[in-house]
Amino acid sequence: MPYDNWLEKSPNKAILSPDRSDKAILKFTDIGIEKIHIDAVYPVLHGKNGEDGTLQGLCAMAGIPCIGSGVIGSSVCMDKCVAKVLFKNAGIPVTNWVEFRRGSAPDFDEIEEKLGYPCFIKPSNAGSSVGITKAHNRKELKDGIDLALKHDYKVLIEEAINPREIESSVRGNYAPEIAENLGEIKPAKDFYDFEAKYEDENSDLIIPAPIDDKTKATIKDYAIRAYKAAECRGFARVDFLVSRDDGKIYLNEINTLPGFTSISMYPKLWADSGVSVKETITRHIELALELGVE
């Protein structure tokens with residue numbers, strides 16, 4: 001979430017040094033300015049100004065390595081509409097969608113003909129499932145668009161399938177690797193919204209996901225291809241939908257700053273591969289230092 005001021009735990013303001021040679025934070029205290037050298041920035045932010053490339057660009061301008069994807073990978077994966085086009089052009093299946101922008105009138109007939117009901121309405125740029133609704137009729141579709149427009153000027157309206165939600169953990173720079181097993185999410189609610197992700201302990205995370213070997217291999221192949229196509233770096237969680245009706249696989253999204261809470265899938269999948277959270281974080285830092293500033 002954006003803030004008016006960037007603060008440490010103390011009330012003192014801190015900014016990145018504009019001098020690329022010192023790779024430091026300037027901490028403003030009551031007695032002056034303290035310069036604190038840093039090797040890399042580890043962003044622990046979701047949403048706009050955190051994982052959309054803006055913070056990553058700030059670090060690049062300051063000459064400081066930033067853990068995770070850079071400007072391109074972060075911004076591409078943050079914009080759901082742009083990502084859809086990119087993945088489709090890369091030959092990775094995605095669900096059908098319609099894009100809508102503020103300032104124009106939605107063509108409800110087109111949406112209903114192409115997608116039908118139910119369908120999902122999402123702000124194109126937002127994190128943690130904020131502003132997402134599921135519409136079962138035209139009124140709910142209109143209300144969902146109005147809500148999404150409060151979070152972004154562009155809206156993704158997406159076909160709803162009857163899915164299983166399968167997730168993978170990928171890390172690396174130019175030669176990414178993927179955790180051995182995949183995970184499945186069984187949300188406590190109708191879909192995995194903000195409350196189900198962060199507040200409802202009844203959502204289940206199943207590792208390994210109970211899927212056949214062919215589906216597992218295909219998802220892992222798609223995950224690496226999507227990671228490379230989106231110019232991701234460092235680490236990401238790559239999410240898929242597998243239709244319960246016909247078994248078709250669809251790439252849902254790439255999260256370039258996945259959650260690291262006690263109920264988060266990304267660290268759990270690496271832990272399942274025998275990599276502790278501490279080791280995972282250390283590897284992320286190593287990858288950022290190896291990459292430097294692109």
Side-chain angles (χ1 to χ4, degrees), residues 43 51-53 56 66-95 127 163-185 205-243 247-260 264-275 277 279-292 294:
E51 57 182 328
D52 61 357
Q56 291 73 16
C66 185
I67 292 157
S69 291
V71 174
I72 295 177
S74 299
S75 57
V76 162
C77 292
M78 185 69 173
D79 191 314
K80 296 177 179 64
C81 292
V82 171
K84 281 272 196 181
V85 174
L86 177 69
F87 298 140
K88 184 176 181 179
N89 288 342
I92 302 169
V94 294
T95 54
R164 297 173 62 187
E165 299 186 36
I166 308 295
E167 299 188 345
S168 66
S169 291
V170 182
R171 69 182 185 189
N173 292 328
Y174 306 122
E177 59 179 341
I178 188 168
E180 172 58 29
N181 284 317
L182 306 174
E184 180 172 6
I185 292 176
L205 277 64
I206 303 170
I207 302 173
I211 55 177
D212 62 80
D213 290 343
K214 181 179 179 181
T215 300
K216 176 181 176 181
T218 301
I219 288 176
K220 291 177 74 171
D221 175 63
Y222 284 159
I224 294 294
R225 286 170 53 190
Y227 189 93
K228 291 180 177 180
E231 298 288 353
C232 292
R233 302 286 188 266
F235 67 108
R237 195 191 68 237
V238 188
D239 300 345
F240 293 85
L241 304 174
V242 178
S243 172
K248 288 184 178 179
I249 301 167
Y250 302 92
L251 175 61
N252 186 28
E253 66 175 354
I254 296 181
N255 190 317
T256 56
L257 283 179
F260 257 81
S264 295
M265 184 69 83
Y266 179 89
K268 284 181 175 292
L269 286 173
W270 282 114
D272 177 71
S273 296
V275 184
V277 171
E279 291 170 325
T280 295
I281 292 172
T282 298
R283 183 57 183 148
H284 293 171
I285 296 170
E286 291 171 346
L287 286 166
L289 296 178
E290 289 172 11
L291 191 65
E294 283 191 305

Next on the checklist: If you take the centroid of each ring, where Trp contributes its six-membered ring, are F240 and Y250 closer together than 6.0 Å?
Outcome noted: no

Item to check | No-hydrogen, no-angle side-chain donor-acceptor test under 3.5 Å, K268 and S169 | outcome: no

Item to check | Residue pair C66 / Q56: nearest heavy atoms and the distance that separates them | outcome: SG-CG, 4.1 Å

Checklist outcome for this item: What one should report as the nearest heavy-atom pair of Y227 and N173 is CE2-O, 4.2 Å

Item to check | I249 vs Y222, side chain to side chain contact (heavy atoms under 4.5 Å, CB included): CA-CA, chis, key distance, verdict | outcome: CA-CA 9 Å; I249 301 167; Y222 284 159; 4.0 Å; yes

Next on the checklist: Parallel, tilted or perpendicular, judged at 30° and 60°: which one describes the rings of Y266 and F260?
Outcome noted: tilted

Checklist entry - When you check the gap from the basic side-chain N to the acidic O, do K220 and E177 get nearer than 4.0 Å? => result no

Next on the checklist: Tell me whether R233 is salt-bridged to E290, with the criterion being a basic N under 4.0 Å from an acidic carboxylate O.
Outcome noted: no

Item to check | Pair I254-T256, side chain to side chain contact (heavy atoms under 4.5 Å, CB included): steps then yes or no | outcome: CA-CA 6 Å; I254 296 181; T256 56; 4.3 Å; yes

Item to check | Non-hydrogen atoms of P176 and K228 that approach each other most closely | outcome: CD-CE, 3.7 Å

Item to check | Steps toward side chain to side chain contact (heavy atoms under 4.5 Å, CB included) verdict (I67, L287) | outcome: CA-CA 7 Å; I67 292 157; L287 286 166; over 6 Å; no

Item to check | Contact check, side chains of L257 and P43, non-hydrogen atoms, under 4.5 Å | outcome: yes

Checklist outcome for this item: When every non-hydrogen atom of L251 is compared with those of A226, the smallest separation belongs to CD2-CB, 3.7 Å

Item to check | Contacts of type side-chain contact (heavy atoms from CB on, under 4.5 Å), residue D212, not counting sequence neighbours | outcome: K214, T215

Checklist entry - Does the side chain of I166 come within less than 4.5 Å of N252's, by heavy atoms? => result no

Checklist entry - What distance separates T95 OG1 from K248 NZ, expressed to the nearest 0.5 Å? => result 12.5 Å

Item to check | Residues which pass side-chain contact (heavy atoms from CB on, under 4.5 Å) with P208, listed by chain and number, not counting sequence neighbours | outcome: N181

Item to check | Over 12 foreign heavy atoms within 6.0 Å of CD1, I285 | outcome: yes

Checklist entry - Is there a side-chain contact between V170 and S168 (heavy atoms, below 4.5 Å)? => result yes

Checklist entry - Can you list the steps and then say if E253 with R237 is a side chain to side chain contact (heavy atoms under 4.5 Å, CB included)? => result CA-CA 8 Å; E253 66 175 354; R237 195 191 68 237; 4.3 Å; yes

Checklist entry - Looking at CZ of R171 and NE2 of H284, how far apart are the two atoms once the value is rounded to the nearest 0.5 Å? => result 6.5 Å

Checklist entry - Below 4.5 Å, heavy atoms only, C-beta onward: do P267 and V277 meet side chain to side chain? => result yes

Checklist outcome for this item: Closest heavy-atom pair, G91 versus R225, reported as atoms and distance to 0.1 Å, is O-NH2, 3.5 Å

Checklist entry - How about M265 and I207: do any of their side-chain heavy atoms sit closer than 4.5 Å? => result yes

Checklist outcome for this item: Between the CG atom in D239 and the CD atom in E165, the distance rounded to the nearest 0.5 Å is 8.0 Å

Checklist entry - Is there a donor-acceptor contact under 3.5 Å from the side chain of S74 to the main chain of S69? => result yes

Item to check | Pairwise distance CG(L205) to OG(S264) - rounded to 0.5 angstrom | outcome: 8.0 Å

Checklist entry - From I211 CD1 over to I206 CD1, what is the distance, rounded to the nearest 0.5 angstrom? => result 11.5 Å

Item to check | Residue pair A209 / G183: nearest heavy atoms and the distance that separates them | outcome: CB-C, 3.8 Å

Next on the checklist: I want to check something: taking the side chain as every heavy atom from C-beta on, are P210 and E184 in contact at a cut-off of under 4.5 Å?
Outcome noted: yes

Checklist entry - Got a second to check how far C232's SG is from N255's CG, nearest 0.5 Å? => result 10.0 Å

